[in-house]
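Reviewing the structure listed below.
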Amino acid sequence: MPTVYACFCTDIIHEGHLNIIREAQKLGELTIGVLCDAEMIRYNRFPTLSTSERMDMIRKIPGVTRVMVQDTIMYDSVVRTLKPDYIVHGDNWDDAAMKEIRANIISLLNEYGGQLVEIPYTHNESVEKLDRQMKEKLAMPEFRRGRLHKLLKLLPIVKTIEVHSGLTGLLAEKTIVAKDGAIDQFDAMWISSLCDSTEKGKPDIELVDMTSRFRTVNDILEVTTKPIIFDGDTGGLTEHFTYTVRSLERMGVSAIIIEDKTGLKKNSLFGTEVEQTQDDPEHFAEKIRAGKKAQLSDDFMIIARIESLILSRGQEDALKRARIYVEAGADGIMIHSRQKTPDEIISFCKAFRKEDQTTPLVVVPSTYNTITEDELAACGINIVIYANQLLRAAFPAMEHTAKSILENHRAYEADHDLMSIRQIITLIDEL
Ligand code: SPV
Ligand code: MG
């Protein structure tokens with residue numbers, strides 16, 4: 001009897017999936033692969049059920065002979081092990097990532113004469129509603145808030161990109177690349193105080209108030225599902241910080257990072273060129289304690305950011321502070337540097353990891369940007385934040401266009417650098 005294989009990357013089974021299974025069964029003995037959690041994440045299908053729960057769900061479907069885990073999004077190992085006569089898939093190869101997967105399947109099947117069978121995707125109201133519900137569930141505060149915790153358990157490093165508007169949120173949500181036989185995307189979003197302020201034409205000195213910062217958060221929450229890490233600057237007065245914690249967790253934000261500075265905060269990348277005061281570590285620890293006491297959910301994270309390296313106070317001071325902040329209940333440590341090389345960050349992380357193997361470490365490689373994610377993960381770092389690149393990309397592009405229109409007294413010359421109106425419209429989801 002011919003053998004048939006299909007891979008499912010879904011938390012729910014709807015009519016469309018059942019139709020694929022029915023068609024597949026007509027061809028022979030059917031094995032279904034369930035994509036593992038880590039690969040589901042890379043593929044923009046954050047699982048709301050675990051791999052084993054998803055396997056149980058498929059086992060209950062009559063006529064499925066075997067259920068197995070597919071541990072990479074590309075089919076290489078599964079095809080080389082099973083050598084199925086047919087691979088069955090819906091014909092909804094909508095984006096570049098899906099097209100890459102299709103090409104991968106075809107080239108593997110061509111090695112021995114196997115065949116890809118493409119089943120027309122079921123488009124009807126009930127299927128579309130279930131697809132939408134699956135996505136919308138991810139956007140709900142209770143679900144979104146805990147997602148960062150889950151990612152920290154599942155991934156070697158959580159890749160976080162700066163967003164400052166609904167549109168940049170959409171970019172973080174939807175940008176997927178297929179390269180070197182793998183698919184990749186960002187895991188989380190960073191709401192930077194620098195970029196949120198700059199976007200409003202204001203300096204990064206805690207001038208933009210929380211009401212305005214929350215409006216930015218809300219714009220992003222409305223159109224995305226990925227977890228949010230909020231840049232809380234110094235956290236302000238302890239008595240105010242507790243309210244900020246409550247508001248953020250209610251909105252579904254996953255974490256706030258507060259930095260151990262006091263007085264008029266300036267951006268860290270100015271370092272010692274401007275006057276900046278580091279807080280007394282015990283006083284800052286009190287703020288962390290108050291925040292942890294105020295929070296209601298288990299999964300909201302308060303991450304302490306240490307400015308000792310920024311202010312040239314050295315590694316020993318940073319390590320001492322890290323111990324105090326973890327003791328006070330910090331759920332993670334962010335260590336910042338403005339050096340051109342990652343040496344002091346690597347040195348701190350290695351020393352920290354010798355004494356603490358569990359507290360998540362966060363870094364922002366804006367200046368020491370040659371270090372790769374794999375290298376950071378090898379130093380025990382759990383979250384990397386690309387803190388300002390989207391804004392810095394947008395400004396020169398807009399300035400260039402503005403100058404071109406002024407110089408040419410028309411928009412024609414600028415047009416070839418611009419995204420078409422059609423493309424920009426299709427970026428925006430309609431309900
Ligand atoms: C931000 O993005 O606002 C940060 C990181 O706090 S940095 O600008 O490097 O201080
Ligand atoms: Mg900031």
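In the model, S212 has no side-chain atom that pairs as donor or acceptor with a side-chain atom of D209 under 3.5 Å. Between the side chains of S347 and Q315, at least one donor N or O sits under 3.5 Å from an acceptor N or O. Using modelled atom types and a 3.5 Å distance limit, the side chains of R250 and S297 yield no donor-acceptor pair. Side chain to side chain, H14 and D131 meet the donor-acceptor criterion of an N or O pair below 3.5 Å. Under 3.5 Å, the side chains of R313 and Q278 contain a donor-acceptor pair of N or O atoms. In this structure, a donor-acceptor pair under 3.5 Å is present between the side chains of K261 and S268. In this model, a donor atom of one side chain and an acceptor atom of the other lie less than 3.5 Å apart for T168 and S165.
Both tests hold for R45 against Y43: distance to the six-membered ring centre under 6.0 Å, angle to the ring axis within 45°. Relative to the ring axis of F300, R145 does not place its NZ or CZ within 45° and under 6.0 Å from the centre.
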Please tabulate, for side-chain N and O atoms in residues 33-42, each donor-acceptor pair with protein atoms closer than 3.5 Å (sequence neighbours left out).
residue: D37; atom: OD1; partner: T51; partner atom: N; Å: 3.3
residue: D37; atom: OD1; partner: T51; partner atom: OG1; Å: 3.0
residue: D37; atom: OD1; partner: R54; partner atom: NH2; Å: 2.6
residue: D37; atom: OD2; partner: T51; partner atom: OG1; Å: 3.4
residue: E39; atom: OE1; partner: I73; partner atom: N; Å: 2.6
residue: R42; atom: NE; partner: D184; partner atom: OD1; Å: 3.3
residue: R42; atom: NH1; partner: D184; partner atom: OD1; Å: 3.3
residue: R42; atom: NH1; partner: D187; partner atom: OD1; Å: 3.0

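Residue pairs meeting the ring pair (Phe, Tyr, Trp, His ring centres under 6.0 Å) criterion with at least one partner in residues 163-217, sequence neighbours excluded, are absent.
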Checklist entry - Does the pair D279 and T262 meet the rule for a side chain to side chain donor-acceptor pair (under 3.5 Å), with working shown? => result CA-CA 5 Å; D279 202 353; T262 188; 4.5 Å; no

Checklist entry - Stepwise, does the side chain to side chain contact (heavy atoms under 4.5 Å, CB included) test hold for H336 with L269? => result CA-CA 9 Å; H336 204 13; L269 300 176; 4.2 Å; yes

Item to check | Stepwise side chain to side chain contact (heavy atoms under 4.5 Å, CB included) check, I258 with F241 | outcome: CA-CA 10 Å; I258 50 168; F241 178 56; 3.6 Å; yes

Next on the checklist: Q185 vs T175, test: side chain to side chain donor-acceptor pair (under 3.5 Å). Steps then yes/no.
Outcome noted: CA-CA 6 Å; Q185 60 165 321; T175 306; over 6 Å; no

Checklist entry - Passes side chain to side chain donor-acceptor pair (under 3.5 Å), N388 versus S192? Steps please. => result CA-CA 7 Å; N388 46 46; S192 149; over 6 Å; no

Next on the checklist: Applying side chain to side chain contact (heavy atoms under 4.5 Å, CB included) to V362 and V158, what does each step give before you reach the verdict?
Outcome noted: CA-CA 9 Å; V362 185; V158 175; over 6 Å; no

Checklist entry - Can you check side chain to side chain contact (heavy atoms under 4.5 Å, CB included) on L116 and E118, steps first, answer last? => result CA-CA 6 Å; L116 171 65; E118 295 164 278; 3.8 Å; yes

Checklist entry - Can you list the steps and then say if E259 with T234 is a side chain to side chain donor-acceptor pair (under 3.5 Å)? => result CA-CA 5 Å; E259 60 194 271; T234 65; over 6 Å; no

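Remark: side-chain polar atoms of S420 are paired, donor with acceptor, to backbone N or O of Q423 under 3.5 angstrom. In this structure a side-chain-to-backbone donor-acceptor pair under 3.5 Å is present from K287 to G236. Within the 3.5 Å criterion, the main-chain N or O of T72 finds a donor-acceptor partner in the side chain of Q70. Side-chain atoms of R338 do not come within 3.5 Å of backbone N or O of T367 as any donor-acceptor pair. For the pair D356 (side chain) and T358 (backbone), a donor-acceptor distance under 3.5 Å is present. The closest donor-acceptor contact from the side chain of E222 to the backbone of D219 lies at 3.5 Å or more, if one exists at all. Using modelled atom types, no side-chain atom of N104 and backbone atom of M74 make a donor-acceptor pair closer than 3.5 Å. At distances below 3.5 Å, at least one donor-acceptor pair connects side-chain atoms of E173 with backbone N or O atoms of K226. Checking side-chain atoms of R213 against main-chain N and O of V208 turns up no donor-acceptor pair under 3.5 Å. E373 contributes no side-chain N or O that, together with a main-chain N or O of K159, makes up a donor-acceptor pair within less than 3.5 Å.
Between K200 and D196, at least one side-chain nitrogen of the basic residue sits less than 4.0 Å from a carboxylate oxygen of the acidic one, meeting the salt-bridge criterion. Using a 4.0 Å cut-off between charged nitrogen and carboxylate oxygen, D56 and K60 do not count as a salt-bridge pair. Contact check on R305 versus E307 returns a salt bridge, with a Lys/Arg side-chain nitrogen under 4.0 Å from an Asp/Glu carboxylate oxygen. Of the charged side-chain nitrogens involved, none lies within less than 4.0 Å of a carboxylate oxygen, so that K137 and D11 do not count as a salt-bridged pair. In this structure, D260 pairs ionically with R321, as a charged nitrogen and a carboxylate oxygen lie closer than 4.0 Å. Salt bridge status for R147 with D299: absent, with no side-chain N to carboxylate O gap under 4.0 Å. Note on K179 versus E100: no salt bridge recorded, every NZ/NE/NH1/NH2 to OD/OE distance being 4.0 Å or above.
Ring-centre distance between Y86 and Y5: not below the 6.0 Å cut-off.
Taking each heavy atom of A377 and I157 in turn, the nearest pair found is N-CD1, 4.0 Å. In plain terms, the two heavy atoms of I58 and I13 that are nearest each other are CD1-CD1, 3.8 Å. Taking each heavy atom of E206 and G263 in turn, the nearest pair found is OE1-O, 4.3 Å. Shown here for V223 and G166, the closest heavy-atom pair between the two residues is CG2-O, 3.5 Å. Considering every non-hydrogen atom in both R353 and Q357, the closest pair reads O-NE2, 2.6 Å. Looking at every heavy atom in both residues, F270 comes nearest to K266 through CD1-CB, 4.4 Å.
For CG of L296, the number of neighbouring non-hydrogen atoms (other residues, nucleotides, ligands) closer than 6.0 Å is greater than 12. For D298, the CG atom sits in a loose shell: 12 or fewer heavy atoms of surrounding residues, nucleotides or ligands are nearer than 6.0 Å. No more than 12 heavy atoms of other residues, nucleotides or ligands lie within 6.0 Å of CD in E125, so this atom counts as exposed by the packing criterion. No more than 12 heavy atoms of other residues, nucleotides or ligands sit less than 6.0 Å from atom CD of E327.
In this structure the side chain of Y368 reaches within 4.5 angstrom of the side chain of V363, judged on heavy atoms. Taking 4.5 Å as the limit, some side-chain heavy atom of R80 sits within range of a side-chain heavy atom of E111. Side-chain contact between Q133 and E128 is absent, with no heavy-atom pair separated by less than 4.5 Å. I61 places a side-chain heavy atom less than 4.5 Å from the side chain of I21. Within the 4.5 Å cutoff, no side-chain heavy atoms of I333 are placed close to those of I303. Residues I229 and I256 fail the side-chain proximity criterion, which asks for heavy atoms closer than 4.5 Å.
Rounding to the nearest 0.5 angstrom, the gap separating the CG atom in L194 from the CG atom in N267 is 5.0 Å. Going from atom OG of S126 over to atom CD of E15 covers 4.5 Å, rounded to the nearest 0.5 Å.
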